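All remarks here apply to the structure that follows.
Being a predicted model, the structure only gives us computed values, none of them experimental. Numbering of residues begins at 1 and proceeds along the displayed sequence.
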Amino acid sequence: MGYAILAFDGADKTRRAAAMDRHRAVISRWAEDGRMPFGTPLFTSAWEASGSLMILAVPDMAGVNAYLAEEPFSVEGVWGHVRVLPFRIAALPYQRLPRPGDPVATTRTHTVAIAYDGTDADAPARRQAARPAHIARMQPMAADGTLAIGGAILDEAESRMIGSITVTRHASDEAARAWMAEDPYMKGGVWRDITLHATRLAALPYRPLPGGA
């Protein structure tokens with residue numbers, strides 16, 4: 001079990017650069033001890049920094065609050081809006097994430113997709129019906145690096161899947177949407193509300209993802 005923090009920067013864009021070194025120190029420590037399996041900046045399609053996606057491996061909201069209390073982007077007002085989503089990483093044969101010393105891209109290499117299911121009474125049934133084919137499609141995508149990380153957004157009770165987060169190796173919204181269009185969750189009417197964000201992968205002392213190398 002864990003949580004995804006979807007955070008968007010406030011109006012003062014200078015605060016991110018001012019807090020960056022302290023931010024990197026905190027997330028490096030959390031990645032190294034396994035409490036942060038993944039984190040990435042979010043950018044607009046024009047490649048302007050707009051926020052962050054941080055995935056935490058903590059058992060409850062106390063862990064989330066502990067992170068936010070340490071995170072300079074939260075404490076120093078870089079983030080103007082923060083949303084916490086119960087989240088479960090799918091156990092798939094992911095490739096190793098970039099680690100310190102690996103080359104890091106300076107331009108867009110990946111796309112973060114936040115995809116919510118429908119809210120009608122039949123939405124859970126549609127997800128369950130399409131899920132085996134969806135997972136079967138994701139297996140080789142994780143193995144070849146197309147899917148860097150993915151998993152399910154859960155409801156507040158953490159008992160029902162209501163959406164998905166994927167980080168895929170697509171350098172444009174068009175490529176990401178074309179990839180998503182072929183997914184059983186799209187063809188089966190599961191994903192109804194999709195938002196895309198540009199990103200590049202940060203190099204941190206990550207531990208292996210569930211199912212990954």
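Between the side chain of Arg15 and the backbone N or O of Gly77 there is at least one donor-acceptor pair closer than 3.5 Å. Side-chain atoms of Tyr206 never come within 3.5 Å of backbone atoms of Met36 as a donor-acceptor pair (strictly under, hydrogens ignored). Using a distance-only test at 3.5 Å, with no hydrogens or angles considered, a donor-acceptor pair links the side chain of Arg126 to the main chain of Gly189. In this structure, Asp183 contributes its side chain and Lys187 its backbone to no donor-acceptor pair below 3.5 Å.
Proximity of Ile153 to Ser164: side-chain heavy atoms (C-beta onward) are nowhere separated by under 4.5 Å. Using a 4.5 Å heavy-atom cutoff, the side chains of Val112 and Thr40 are in contact. Between Leu209 and Leu97 there is a side-chain heavy-atom pair separated by less than 4.5 Å. Taking the side chain as every heavy atom from C-beta outward, Ile5 and Val64 approach each other to under 4.5 Å. Side-chain contact between Ser50 and Asp9 is absent, with no heavy atoms from C-beta onward closer than 4.5 Å. No side-chain heavy atom of Thr106 sits less than 4.5 Å from a side-chain heavy atom of Arg200. Inter-residue side-chain proximity for Thr166 and Leu147 is flagged as met; some heavy-atom pair is nearer than 4.5 Å. Between Glu158 and Arg88 the shortest side-chain heavy-atom distance does not fall below 4.5 Å.
Salt-bridge check for Glu32 with Arg207: failed, with every basic side-chain N at 4.0 Å or more from each acidic carboxylate O. Between Asp173 and Arg108 a salt bridge is recorded (basic side-chain N to carboxylate O distance below 4.0 Å). A salt bridge links Glu76 with Arg22: at least one charged nitrogen is closer than 4.0 Å to a carboxylate oxygen. Between Asp117 and Arg192, none of the side-chain N atoms (NZ, or NE/NH1/NH2) sits under 4.0 Å from a carboxylate O, so this pair counts as no salt bridge.
Under the 3.5 Å distance criterion, with hydrogens and angles disregarded, no donor-acceptor pair is assigned to the side chains of Trp179 and Thr168. Inspection of the Ser52 and Arg16 side chains reveals an N or O donor paired with an N or O acceptor under 3.5 Å. Using modelled atom types and a 3.5 Å distance limit, the side chains of Trp47 and Thr107 yield no donor-acceptor pair.
With rounding to the nearest 0.5 Å, the separation of CG in Leu53 from CZ in Arg83 is 12.5 Å. How far OH of Tyr185 is from NE2 of His134: 4.5 Å, rounded to the nearest 0.5 Å. Atom CZ of residue Arg169 and atom CG of residue Asp144 lie 5.5 Å apart, to the nearest 0.5 angstrom. How far CG of Asp155 is from CG of Leu85: 11.5 Å, rounded to the nearest 0.5 Å. Of the inter-residue distances, the one linking Arg127 atom CZ with Ile162 atom CD1 reads 9.0 Å to the nearest 0.5 angstrom.
Annotation: side chain to side chain donor-acceptor pair (under 3.5 Å) contacts involving residues 92-104, sequence neighbours excluded, comprise Arg96-Asp102.
Taking all atoms of both residues into account, the shortest heavy-atom contact from Gly39 to Ala202 is O-CB, 4.3 Å. Pairing each heavy atom of Arg137 with each of Pro184, the nearest pair is CD-CD, 3.8 Å. Heavy-atom minimum distance, Ser28 versus Pro205: O-CG, 3.4 Å. Closest approach of Val167 and Thr199 over heavy atoms only: CG1-CG2, 4.4 Å. Annotation for His170 and Ala175: closest pair CD2-O, 3.8 Å, computed over non-hydrogen atoms. Between Ala31 and Leu204, the closest heavy-atom pair is CB-CB, 4.1 Å.
Under a hydrophobic clustering in which Ile, Leu, Val, Met, Phe, Trp and Tyr are joined whenever their side-chain heavy atoms come within less than 4.5 Å, directly or via other members, Tyr67 and Leu6 fall into the same cluster. Two different hydrophobic clusters hold Ile27 and Val104 under the rule that ILVMFWY side chains link at heavy-atom gaps under 4.5 Å. Residues Leu154 and Ile149 fall into different hydrophobic clusters, defined by Ile, Leu, Val, Met, Phe, Trp and Tyr side chains chained together at heavy-atom separations under 4.5 Å. Taking hydrophobic clusters as Ile, Leu, Val, Met, Phe, Trp and Tyr residues chained together by side-chain heavy-atom distances below 4.5 Å, Met180 shares a cluster with Tyr116. When the side chains of ILVMFWY residues are joined at heavy-atom separations under 4.5 Å, either directly or via intervening members, Val75 and Leu68 end up in two distinct hydrophobic clusters.
A centroid separation of less than 6.0 Å is found between the aromatic rings of His197 and Phe8.
With sequence neighbours excluded, the residues that form a side chain to side chain contact (heavy atoms under 4.5 Å, CB included) with Glu70 are Val26, Arg29, Trp30. The salt bridge (Lys or Arg N to Asp or Glu O under 4.0 Å) search around Glu156 returns none, not counting sequence neighbours.
Under a cut-off of 6.0 angstrom, the local environment of CZ in Arg35 is crowded, with over 12 non-hydrogen atoms contributed by other residues, nucleotides or ligands.
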Quiz prompt | Working for side chain to side chain contact (heavy atoms under 4.5 Å, CB included), residues Tyr3 and Met61 | solution = CA-CA 8 Å; Tyr3 296 87; Met61 280 299 298; 4.0 Å; yes

